[in-house]
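Data block below; observations after.
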Amino acid sequence: MGNLIVPGQGVLFMKVGTHARESLEDIIERKTREIEESSFALWGYGGSTCHPQTMVQPFARDYHRQGGRIYLVMEPMESKHFAEPVRADELSVDGIKWEPIPKPINVKGSRYALVIQNLRKEEFDLPLDRTEVALGNSMGAPGGKYINGRVDKACLRILDEHHGPDRRVHIGLVADIVEPFAVYVRNKID
Amino acid sequence: MAELDLKSAINAISDVIENRPRSLREFDQIYMKAGDMVMQSEFVARWSDGKRLSFIGDGDAISVCVAYLKKRGIINYGPSQITVFDFDERIVSAVKRFADREALENLGSELYNCLDVFAGPNDFDCFYTNPPWGASNDGESVKVFMQRGMEATSYRGEGMVVIADDPDLTWPKRVLAKVQQFGIENGFFVQKMMPWLHSYHLDDAPDLRSCNLIFKAVSDEVKIFDSSAIDAKDRLENFYGKENAPRVRYVREKKTLGYGKAHDDEYSLELLES
């Protein structure tokens with residue numbers, strides 16, 4: 001692979017593993033099935049580093065307007081994620097208007113979800129020191145420095161050259177992020 | 001600074017935190033960490049000793065801390081009057097609830113969105129604001145909050161603006177420059193800057209700090225002005241971050257009998273067998 005690693009390209013980097021007590025292999029199988037049935041899947045996550053409305057949507061829209069897109073690039077890892085596997089009932093693009101999540105789609109144990117297609121296994125290295133945080137409070141921070149400790153995901157832009165040591169992470173899973181790019185999810189409120 | 005009984009101060013701030021609503025990140029409500037709240041509250045109390053102080057937004061509840069530290073005798077200085085203006089009714093109510101419970105007679109709060117006309121009062125001596133930091137709009141959101149603070153003082157007196165400060169990032173420097181320029185354009189000068197001071201519960205930038213930027217009006221004279229609504233697209237389009245303009249006038253509180261207690265929908269009870 002490597003054709004994603006071009007200057008200017010936007011990627012959403014995320015470490016992935018067991019989520020809400022479901023193994024990564026099981027998640028991939030389930031999401032692939034959901035994409036076959038509904039043409040898209042929702043990839044659940046949490047944390048504000050990739051907040052749907054303030055980070056992912058404006059980041060993805062920038063590329064979409066120019067005929068491009070951003071990609072979800074994931075580093076598989078061993079993890080224990082003990083969030084309860086509670087299925088979200090509703091989704092919202094803006095946090096104001098909510099609609100039911102279609103039956104074939106399942107998001108569990110998450111507050112936010114990326115809208116993805118074309119989930120596939122691809123193996124390549126992402127040179128984090130050739131990236132920077134694309135927007136938000138850490139805009140301009142080197143990716144290699146930013147992805148650290150509790151920060152395990154980020155909206156990154158690929159740069160022309162390295163800034164710092166050549167820190168790399170191994171990507172094993174990729175997906176296209178498609179409109180509306182990212183949503184809030186929640187349990188049904190009566 | 002007088003010696004502070006740190007244990008008593010931390011416990012007092014803990015009471016305030018317990019009373020505070022949970023933050024809404026969508027509106028840039030990002031709470032300062034408790035240790036920094038202690039130090040900041042003491043400093044704000046000293047800075048505004050004997051004065052009438054307005055807060056233009058106050059999710060952190062520094063206003064409450066300032067009033068409460070003095071009421072508990074942990075410090076013996078502080079403002080004579082504090083009014084919080086916030087668009088989140090949960091925050092406004094939390095201030096009123098705490099003031100009522102602890103008999104903080106000099107602490108009040110009003111529901112107000114800083115995009116609307118500021119109806120006064122305009123006789124405050126100083127203002128405090130910790131606004132959205134304006135990473136995506138060169139500090140325009142900071143300027144909106146500052147403008148209302150200046151109006152609250154009729155463009156005289158002093159203001160404390162708490163904004164991002166990071167030696168490694170470019171955007172905070174750009175915002176700091178723009179905000180200082182805005183202050184000067186409105187008849188204020190930078191009296192003091194306390195760099196890299198506070199940390200936050202900010203998971204997307206855990207190392208990002210803020211500074212205190214303290215402005216003082218050049219003139220002591222009250223300025224006559226008309227407050228007007230802020231609706232210019234270029235000031236609002238990136239208010240809460242890139243392409244995130246304000247759409248909410250007020251965050252309304254859902255009233256509950258069990259305020260501050262665990263929500264009923266968080267748990268169920270499994271009884272002992274008798």
Side-chain angles (χ1 to χ4, degrees), chain A residues 10 12 45-65 84 86 92-97 111-112 132-142 144-157 163-164 180-184 186-190, chain B residues 22-31 131-139 141-142 163-175 198-210 237-252 254 263-268:
Chain A
L12 195 157
Y45 68 100
S48 295
T49 55
C50 295
H51 189 280
Q53 209 172 348
T54 61
M55 299 292 284
V56 181
Q57 290 175 12
F59 182 43
R61 274 198 298 264
D62 257 359
Y63 287 85
H64 189 71
R65 279 194 287 261
E84 292 291 332
V86 178
S92 173
V93 175
D94 59 9
I96 295 174
K97 291 179 193 157
R111 293 171 58 205
Y112 311 134
E132 67 175 12
V133 177
L135 72 173
N137 285 322
S138 293
M139 181 168 53
K145 193 175 165 191
Y146 184 64
I147 299 293
N148 200 1
R150 283 163 39 222
V151 178
D152 62 355
K153 57 182 82 67
C155 295
L156 300 173
R157 184 173 291 119
H163 294 278
F181 312 119
V183 292
Y184 300 89
R186 71 177 185 186
N187 299 122
K188 190 168 176 20
I189 295 178
D190 295 321
Chain B
R22 293 192 206 194
S23 67
L24 297 173
R25 182 59 199 272
E26 292 73 19
F27 305 116
D28 252 355
Q29 289 175 349
I30 299 163
Y31 289 164
W133 288 347
S136 303
N137 62 11
D138 278 351
S141 42
V142 180
I163 48 174
D165 181 27
D166 187 299
D168 297 326
L169 297 176
T170 302
W171 74 260
K173 298 184 188 85
R174 212 165 50 229
V175 169
H198 326 102
S199 53
Y200 292 83
H201 296 280
L202 186 55
D203 60 356
D204 58 327
D207 297 327
L208 186 60
R209 300 284 186 271
S210 63
E237 62 189 348
N238 298 309
F239 196 84
Y240 289 125
K242 191 177 165 81
E243 298 179 14
N244 275 287
R247 288 180 306 150
V248 173
R249 166 152 284 138
Y250 300 125
V251 176
R252 287 292 183 183
K254 291 186 177 174
H263 292 182
D264 291 345
D265 59 3
E266 282 181 6
Y267 65 95
S268 61

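Throughout, a chain's letter reflects where its sequence line sits, starting with A, and its residues are numbered from 1.
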Ile96(A) side chain reached by Arg247(B) side chain, heavy atoms, under 4.5 Å | yes
Any Tyr146(A) side-chain heavy atom under 4.5 Å of Asp204(B) side chain = yes
Take atom CZ of Arg249(B) as the centre, draw a 6.0 Å sphere, and report whether it contains more than 12 heavy atoms from other residues, nucleotides or ligands.
-> no
Close contacts, residues 22-30 of chain B versus chain A, judged by heavy atoms under 4.5 Å = Arg25(B), Glu26(B), Ile30(B)
Rounded distance [0.5 Å steps], CG in Asn137(A) versus CH2 in Trp133(B) | 6.5 Å
Who pairs with Lys145(A) by salt bridge (Lys or Arg N to Asp or Glu O under 4.0 Å), at least two apart in sequence or on another chain?
-> Asp168(B)
Which region of Phe59(A), side chain (C-beta onward) or backbone (N, CA, C, O), has a non-hydrogen atom less than 4.5 Å from a non-hydrogen atom of chain B, or is it both or neither?
-> neither
Beyond-backbone contact of Asn244(B) with Pro58(A), side-chain heavy atoms, under 4.5 angstrom | yes
Quick one: which residue pairs count as a salt bridge (Lys or Arg N to Asp or Glu O under 4.0 Å) with a foot in residues 48-63 of chain A, not counting sequence neighbours?
-> Arg61(A)-Glu243(B), Asp62(A)-Arg65(A), Asp62(A)-Lys242(B)
Against chain A, label Asp203(B) side chain, backbone, both or neither, depending on which of its atoms sit under 4.5 Å from a heavy atom there.
-> both
Can you name the side-chain hydrogen bond (donor to acceptor under 3.5 Å, both in side chains) partners of Asp207(B), sequence neighbours left out?
-> none
Taking all non-hydrogen atoms of both residues into account, name the closest pair between Ala135(B) and Gly136(A) and its distance.
-> CB-O, 3.7 Å
